[in-house]
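These numbers come from the heavy atoms of this one structure, side chains and all, not from hydrogens, waters or symmetry mates. Numbers for residues simply follow the sequence, beginning at 1.
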Amino acid sequence: MRAAALLLVALVLFGVVASGCIGGEKAETSSVEVQLTGDFTKDVVEIGKVLEQNGIKEVKFSAWGSGDPNSVMRVYGIVEAARRINKIWADNGINVEIVITDTHYVASFQDAYKEYLSKQPLGQAGDFFVNSYAFLPTLADEGYILDITDYAKAYQSVIDDFYPSLIEASKFKGKLYGLPQDTEARPLYIRKDVAAKIGFDLNGLDGKVKNGEFTWSDVYYWAKKAKESGATEWGLVHRKGSAHPDLIQFIFAFGGKLYDENTGKLVVDVPAVYKWLYVEWKFAQDGLLPKDIMSWDWAKQIHPAIVEGRTLFDIGGTWYWTEWQTKQYYSKEGSPRGLKPDEVKDWFYYTLFPAGEKGDKPVTLSQPFVWMINSKAGQQNSKYDELEDVYHKLAFLMLIKASDPDINAIHSVISAHLPVRKEAAKLIKDEKWLSDLKSLNLDLSQEVKDNIRDIVQATVNPVNAQFLADVSYMLEYTHLAPAHPKYPALADIFKEAVDKVLRGEMTPEEAVNYIIQKVQADPELAQNVEIQGEIPEDWKFPQA
C-alpha cells in the first residue's frame with residue numbers, strides 16, 4: 001500500500017514536471033531563438049511573439065544618461081524607441097509592452113559613470129547607459145556592457161549611415177560595444193562687444209586661426225588688454241573638472257600626443273604638457289583667468305561670467321550655444337533669464353581652438369557620447385535566464401530605433417551637438433522639418449513632447465540651425481582622447497596639476513614632475529603610460 005502511494009506521488013510529480021506547471025504557474029519555456037535579419041519590423045515582431053509565447057506581457061528597462069540640461073534626449077530617445085516598438089507590436093496584435101521604469105539623468109557625466117560603476121556589481125545600474133566613449137573601454141573590459149558586434153552585422157546599412165570615426169570610437173579591441181549618440185566641437189568663444197571695446201578686429205580671424213597665424217600668444221595679448229583696460233573682469237574662462245576633454249586640447253595645439261599607437265600605451269608628452277601648464281599658470285598669475293576656476297560652480301559662476309560679458313574668451317563646447325538660451329544664467333538686468341537666439345548670435349564669435357605657437361595647427365576635440373547596453377540588460381524581467389538573449393536583442397533593437405534620424409536630429413538641434421548620422425544631418429537643413437519640430441508636430445510620445453517642449457521653444461530657430469552648419473567644419477580638425485581604460489585616471493592627474501598651477505601652488509615645471517611621479521607611483525599606470533620628451537629649455541610665453 002505504501003509502495004503504491006509513493007508510485008502515485010511520483011506519477012503526479014512527473015505529470016507536473018512534464019506539463020511545466022508547478023503551483024499553477026506555467027514554467028516551461030517556448031523557443032527562445034531569434035535571428036536578427038536586418039528587417040526591423042520583422043525582427044521586432046519575432047521577438048514580441050517569443051516573449052508572448054513565454055507569458056511575458058511587460059518588459060522593463062531603465063535608461064541612464066548625463067550631460068548638459070538640453071541633452072535630455074539621451075534618455076528620452078530610449079523612451080521614444082520603446083513607444084515605437086510598442087506600436088509595432090500593437091499593430092501586429094502582439095500583447096507585449098516595453099515600460100521604461102527609470103529615466104535617470106544627471107548633469108555630471110563623470111559622476112554618472114562613477115555611479116554606474118558602483119551600482120553595476122549590485123545589479124542596480126541602468127539597462128541603457130549613455131556616456132562618454134572614453135569610459136567605454138573600462139566598461140567593456142570589466143564585462144559591464146554588451147558586445148553588440150554580431151547583432152550589428154544584420155543592421156550594416158544603419159551602421160554605415162553613422163560617421164565612421166564615431167563608430168570606431170564605439171569599439172574596444174575591435175568589438176562594437178555601443179552606438180554613437182552625439183558628438184560636438186569645442187570652439188573658442190569670443191565676446192564681440194568686449195572685442196570692439198579694445199579694438200580687437202574679428203573680421204577674418206577665423207581664417208587666421210585656421211592658418212595658425214593667430215596663436216595662444218595672441219589670445220594672451222588680447223586677454224591682457226581686455227583685463228587691463230577694464231573692458232572685462234577676466235580675459236579667459238574655461239571649463240573645470242577633469243582635464244579631459246576640454247583642456248587637453250592644449251596638448252594637441254602644442255603638437256603633442258596622448259597615445260602611442262605602436263605600443264598601445266598612453267603618453268605624457270612632456271614638452272606639450274609643460275607648455276599647456278605654463279599657459280594656464282601665466283594666465284592665472286597675471287589675473288586673466290580665475291585661480292580657483294577648477295572649483296567654480298557651473299550655473300552660478302562659469303556660465304554667468306560668460307553670458308554677462310565678464311570675460312573676453314571662453315573655452316566651451318558647441319552645446320553652450322543652446323544651453324545659454326534655455327538656462328537662466330543671465331542676470332545683468334536683474335531677473336535671471338536665458339539669452340535670446342539673436343543675442344547669442346550678436347554677442348559671440350566662435351572659432352577653432354588656436355594653435356599653441358607659430359608652426360602648430362588649430363584643433364578642436366570631440367567626445368562622442370555612446371549608447372551602451374548593460375551586459376545584464378533586462379535582468380529585472382521574468383524568465384531572464386531563459387530569455388536573456390531575447391532581452392539583449394530587444395535592447396539592441398531599441399538602440400537602433402533610438403538612433404532614428406529624426407530622434408538624433410531633434411537632439412542635435414535642441415542641444416547644439418552635431419548629428420552622428422548622415423540622414424540626421426539632412427533633416428537639420430530641412431526648413432519644413434524644423435518648422436514641424438518647432439510646433440512639435442512630429443510623431444513623438446506625449447511624454448517626450450512634455451519633456452522637451454520648453455527646450456524646443458527656446459532653441460528651434462534658423463539661428464541655431466545655422467550655428468550647427470557653421471561649426472560642422474571643425475570636425476575636420478578634431479582629436480579624440482585615447483579610448484584606453486587607464487586614460488580617466490591619467491586625466492584626473494592632469495586635472496590636479498592644472499589646479500595646482502592655477503592656484504600658484506606649483507610652477508609648471510613642478511607640476512610636470514608631479515604628474516610623472518603620480519604616474520610612476522601607480523603600478524598599473526606606470527605599465528600603461530610612457531613618459532616622452534623633456535621640459536623645453538628657454539621656452540617663453542607669450543611669444544612675439
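Ring geometry, Y274 versus W539: the interplanar angle exceeds 60°, so the pair is classed perpendicular (tilted spans 30 to 60°). Under the 30°/60° scheme for interplanar angles, the aromatic rings of F348 and W324 are found to lie parallel.
A salt bridge is defined here as a Lys NZ or Arg NE, NH1 or NH2 lying under 4.0 Å from an Asp or Glu carboxylate O, and K224 with E228 meets this definition. Salt bridge annotation for R186-D246: present, with a cationic side-chain nitrogen under 4.0 angstrom from a carboxylate oxygen. Checked for salt-bridge contact, R191 and D193 meet the test: a charged N lies under 4.0 Å from a carboxylate O. Salt bridge status for R310 with E308: present, with a side-chain N to carboxylate O gap under 4.0 Å. Taking a cutoff of 4.0 Å between a charged side-chain nitrogen and a carboxylate oxygen, E213 and K208 do not qualify as a salt bridge.
Checked options F353, F254, W222; the residue passing with W216 is F353 (criterion: ring pair (Phe, Tyr, Trp, His ring centres under 6.0 Å)). F200 pairs in a side-chain contact (heavy atoms from CB on, under 4.5 Å) with only one of the listed residues (V194, D218, L205), which is L205.
By the ring-ring contact (aromatic ring centres under 6.0 Å, His included) test, H238 is found to be paired with no residue, residues two or more places apart in sequence or in another chain being considered.
Surrounding CD of E431 are at most 12 heavy atoms belonging to other residues, nucleotides or ligands under 6.0 Å away.
Counting heavy atoms from C-beta on, the side chains of K171 and L136 never come closer than 4.5 Å.
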